[in-house]
Chemist: 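The structure that follows is given in the form of structure tokens.
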Amino acid sequence: MSIRVGVIGCGMIARFHFSGLEKAKATVRWICDLKAENTAAWVGTGARVTTDWREVVADPQVDAVVVATVSRLHKEICLAAIAAGKAVICEKTLTENAEDSWEVVSRAEAAGVPFFTSYMKRWFEAAQQAKRLLPSLGRIVSTHVRSHQPWGDTWTGALPAREPGAPASAAPSHLVSTYGGGMLVMGGSHVIDLTLYLLGRPTRLFALQYIPGDRDFDLHVSALLETPTDGTISYEALASPLSRTGFLRDGWDEQIEITGTGGKLTLLTPLWSHVEQKTALLIHDDEASGQRHEYRYGVDSPFDRAIGAFVADIAAGTQTAQSRITGYEVDQVIASMVASARSGQRVVIPWRG
Ligand SMILES: NC(=O)c1ccc[n+]([C@@H]2O[C@H](COP(=O)([O-])OP(=O)(O)OC[C@H]3O[C@@H](n4cnc5c(N)ncnc54)[C@H](O)[C@@H]3O)[C@@H](O)[C@H]2O)c1
């Protein structure tokens, strides 16, 4: 039987969820948003329309909810959905801090409901091939992770001197009220997820975070992360002023480069909003053979692949596609980076679970 889904939040990201749900042959029973203009595209598809997400969560005919609202609402909606026994697919970041994310994922674990935080980049075929090839690298000695995203004229004009912290009196910026922060939670979280997917949990880190004095969000975060067995990871997330860099020359310059005793893997991921036209690339340099192999795949949206796997799990009542605690793990690294940047100290990541 087709699973019945309520989609809560129909803004910019929602079209990818609708696409994935359609391809997975799920039935969209509800669409929910405060703004009629954002639900308009899906009116007439047979789904009920509401502005009240509680109506969706309370419907016994709903098997699963997609939570794609602004990030600050994720916690409340996820907890209510879990309490109602619904499976959940939640957009990233899961919540706005690691404690809240832990509360959500542990409630989902206790309830036994399928629960997914939708970090879709691990669903690129190239990322999954990187994971398969990792053992051939032997001992991993170095990893570089970079997400440079084209943020236009962010850096032009007179930026004030380096000064951490938001202005006390100002209302939150659009980025903070929608996404919970700047570069770290927006682009930076995705490459943290890819790093965790490929290498597992780091143990300690040291981070720097640049928040201009007139803003309440960051433009640049850099960090060094230590792993128990896989060497040091250097990490950078940057709101880049450049528009023609990157492997597709579109300003999107995002990659993970892992070097081991047996070779090197370089995973290059494309602009998230263009995954129906652009795909990831994986380069494998094999030390023994001296060969370089480039893995190029046809366009196959990682959103569709992720949602397809999540829906299959939800239909089967299982949790195999991805751990329930994925969203917590990313938020824990983010929290530790922020703690390190604020204190100026190296931080032991206080992992839970
Ligand atoms: N995976 C990715 O690459 C990616 C990319 C962009 C955004 N996101 C995530 O998706 C989420 C949404 O981001 P977006 O860019 O679509 O933002 P958006 O502002 O375009 O959409 C958010 C929607 O939530 C709606 N909303 C707000 N309060 C609501 C409420 N009480 N009930 C119902 N709807 C409500 C808004 O009206 C809006 O339509 C965020 O958590 C963001 O971090 C993920």
Side-chain angles (χ1 to χ4, degrees), residues 13 16-17 19-21 23-24 89-92 94 114-138 140 143-147 187-202 227 229-230 233 235 246-248 252 254-260 262-286 291-316 318-327 329-330 333:
I13 195 71
F16 295 101
H17 289 273
S19 163
L21 292 169
K23 291 188 175 109
I89 299 171
C90 184
E91 257 309 325
K92 51 66 63 176
L94 174 50
F115 187 93
F116 305 95
T117 306
S118 183
Y119 282 102
M120 78 297 182
K121 294 188 189 185
R122 57 168 71 196
W123 291 90
F124 279 116
E125 285 189 76
Q128 300 194 335
Q129 178 66 358
K131 181 127 174 136
R132 284 191 286 272
L133 288 171
L134 260 182
S136 75
L137 294 196
I140 293 164
T143 300
H144 288 268
V145 181
R146 175 176 79 222
S147 181
S189 60
H190 277 291
V191 284
I192 291 171
D193 179 62
L194 276 177
T195 306
L196 291 167
Y197 170 65
L198 292 169
L199 299 182
R201 291 178 167 187
T227 69
T229 53
D230 294 331
I233 301 165
Y235 167 96
F247 75 115
L248 295 172
W252 193 267
E254 189 170 89
Q255 72 168 54
I256 296 189
E257 183 189 84
I258 306 174
T259 301
K264 180 188 279 194
L265 288 169
T266 308
L267 173 65
L268 301 117
T269 43
L271 176 53
W272 72 271
S273 55
H274 286 56
V275 292
E276 291 127 329
Q277 298 93 37
K278 301 177 181 183
T279 190
L281 168 67
L282 177 68
I283 302 168
H284 179 209
D285 293 297
D286 182 55
Q291 296 293 307
R292 164 172 285 197
H293 189 90
E294 296 193 357
Y295 292 86
R296 295 177 185 277
Y297 298 92
V299 174
D300 189 6
S301 162
F303 287 101
D304 289 348
R305 286 163 55 87
I307 292 164
F310 300 161
V311 166
D313 264 8
I314 293 166
T318 55
Q319 178 95 27
T320 60
Q322 183 179 297
S323 163
R324 281 190 186 88
I325 69 173
T326 297
E329 292 188 307
V330 176
V333 174

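When a residue number appears, it is its place in the shown sequence, counting from 1.
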Chemist: In the structure I gave you, are the side-chain heavy atoms of Ser118 and His17 within less than 4.5 Å of one another anywhere?
Modeler: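 Yes, at least one pair of side-chain atoms sits under 4.5 Å.
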
Chemist: Taking all atoms of both residues into account, what is the closest heavy-atom pair of Phe116 and Gln319, and its distance?
Modeler: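 Scanning both residues, the minimum pair turns out to be CE2-NE2, 3.4 Å.
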
Chemist: Test side chain to side chain contact (heavy atoms under 4.5 Å, CB included) on Tyr297 and Gln129; report intermediate values, then the result.
Modeler: CA-CA 11 Å; Tyr297 298 92; Gln129 178 66 358; 3.3 Å; yes

Chemist: Over all heavy atoms of both residues, which pair between Pro270 and Leu248 is shortest? Give the atoms and the distance, please.
Modeler: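 Looking at all heavy atoms of both residues, the shortest contact is CB-CD1, 4.0 Å.
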
Chemist: Ignoring hydrogens, what is the shortest heavy-atom contact between Arg305 and Asp300? Give both atom names and the distance.
Modeler: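 So the minimum-distance heavy-atom pair works out to CD-OD2, 3.6 Å.
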
Chemist: Classify the ring geometry of His293 against Tyr295: parallel below 30°, tilted from 30° to 60°, perpendicular beyond 60°.
Modeler: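 Rings of His293 and Tyr295: tilted, 30 to 60°.
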
Chemist: Can you tell me how far apart CD (Glu125) and CG (Leu282) are? Round to the nearest 0.5 Å.
Modeler: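 Taking CD in Glu125 and CG in Leu282, the distance rounds to 11.5 Å.
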
Chemist: How close do Ala126 and Ala280 get, counting heavy atoms only, and between which atoms?
Modeler: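 Closest heavy-atom pair between Ala126 and Ala280: CB-CB, 3.8 Å.
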
Chemist: Should the pair His190 and Tyr119 be assigned to parallel (<30°), tilted (30 to 60°) or perpendicular (>60°) ring geometry?
Modeler: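 Perpendicular.
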
Chemist: Would you please test Leu265 and Leu133 for side chain to side chain contact (heavy atoms under 4.5 Å, CB included) and show each step?
Modeler: CA-CA 8 Å; Leu265 288 169; Leu133 288 171; 3.9 Å; yes

Chemist: For Leu281 versus Arg296, what's the shortest heavy-atom pair and its separation?
Modeler: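 Smallest heavy-atom distance, with atoms named: CD1-CG, 3.6 Å.
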
Chemist: Closest approach of Val191 and Glu254, non-hydrogen atoms and distance?
Modeler: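 Taking Val191 first and Glu254 second, the nearest heavy atoms are CG1-CG, 3.7 Å.
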
Chemist: Starting at CZ of Phe124, measure out to CG of Leu268 and round the result to the nearest 0.5 Å.
Modeler: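 Interatomic distance, Phe124 CZ to Leu268 CG, rounded to 0.5 Å: 11.0 Å.
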
Chemist: Can you confirm whether Tyr197 sits close enough to Gln128 that some side-chain heavy atom of one is under 4.5 Å from a side-chain heavy atom of the other?
Modeler: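 Of all side-chain heavy-atom pairs linking Gln128 with Tyr197, at least one is under 4.5 Å.
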
Chemist: Rounded to the nearest 0.5 Å, how far apart are CG of Leu199 and CD1 of Ile256?
Modeler: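 That separation rounds to 7.5 Å.
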
Chemist: Going by the rule salt bridge (charged side-chain N to carboxylate O under 4.0 Å, His left out), which residues pair with Asp285 if we only count those two or more places apart in sequence or in a different chain?
Modeler: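 Partners of Asp285 under the salt bridge (charged side-chain N to carboxylate O under 4.0 Å, His left out) test: Arg292.
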
Chemist: May I ask you to say whether Arg122 pairs ionically with Asp193, meaning some side-chain N is under 4.0 Å from a carboxylate O?
Modeler: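 Here Arg122 pairs with Asp193 in a salt bridge, since their nearest N and O are under 4.0 Å apart.
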
Chemist: CD of Glu257 to CG of Leu267: how many Å apart, nearest 0.5 Å?
Modeler: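 Reported to 0.5 Å precision, the distance equals 11.5 Å.
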
Chemist: Is there a side chain to side chain contact (heavy atoms under 4.5 Å, CB included) between Lys92 and Val330? Walk through the geometry before answering.
Modeler: CA-CA 9 Å; Lys92 51 66 63 176; Val330 176; over 6 Å; no

Chemist: Please identify each residue that fulfils salt bridge (charged side-chain N to carboxylate O under 4.0 Å, His left out) with Asp313, with sequence neighbours left out.
Modeler: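 With sequence neighbours excluded, Asp313 shows a salt bridge (charged side-chain N to carboxylate O under 4.0 Å, His left out) to no residue whatsoever.
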
Chemist: Using a 4.5 Å cut-off on heavy atoms from C-beta on, say whether the side chain of Leu137 contacts that of His284.
Modeler: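 In short, these two side chains touch, coming nearer than 4.5 Å.
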
Chemist: According to the interplanar angle, ranging from 0 to 90°, do the rings of Phe303 and Phe16 count as parallel (below 30°), tilted (30 to 60°) or perpendicular (above 60°)?
Modeler: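 Judged by the thresholds at 30° and 60°, the geometry between Phe303 and Phe16 is parallel.
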
Chemist: If you round to the nearest 0.5 Å, how far is CD1 of Ile307 from CD1 of Ile314?
Modeler: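 Reported to 0.5 Å precision, the distance equals 10.0 Å.
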
Chemist: Is the shortest side-chain heavy-atom distance between Pro302 and Thr279 below 4.5 Å?
Modeler: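 The answer is no, as the side chains (C-beta and beyond) never meet within the 4.5 Å cut-off.
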
Chemist: If you round to the nearest 0.5 Å, how far is CG of Asp286 from NZ of Lys264?
Modeler: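 Lys264 atom NZ to Asp286 atom CG measures 13.5 Å (nearest 0.5 Å).
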
Chemist: Might you work through the side chain to side chain contact (heavy atoms under 4.5 Å, CB included) test for Leu194 and Thr269, ending with a clear yes or no?
Modeler: CA-CA 10 Å; Leu194 276 177; Thr269 43; 4.3 Å; yes

Chemist: Report yes if some heavy atom in the side chain of Val275 is under 4.5 Å from a heavy atom in the side chain of Asp304; otherwise report no.
Modeler: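 They are not in side-chain contact.
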
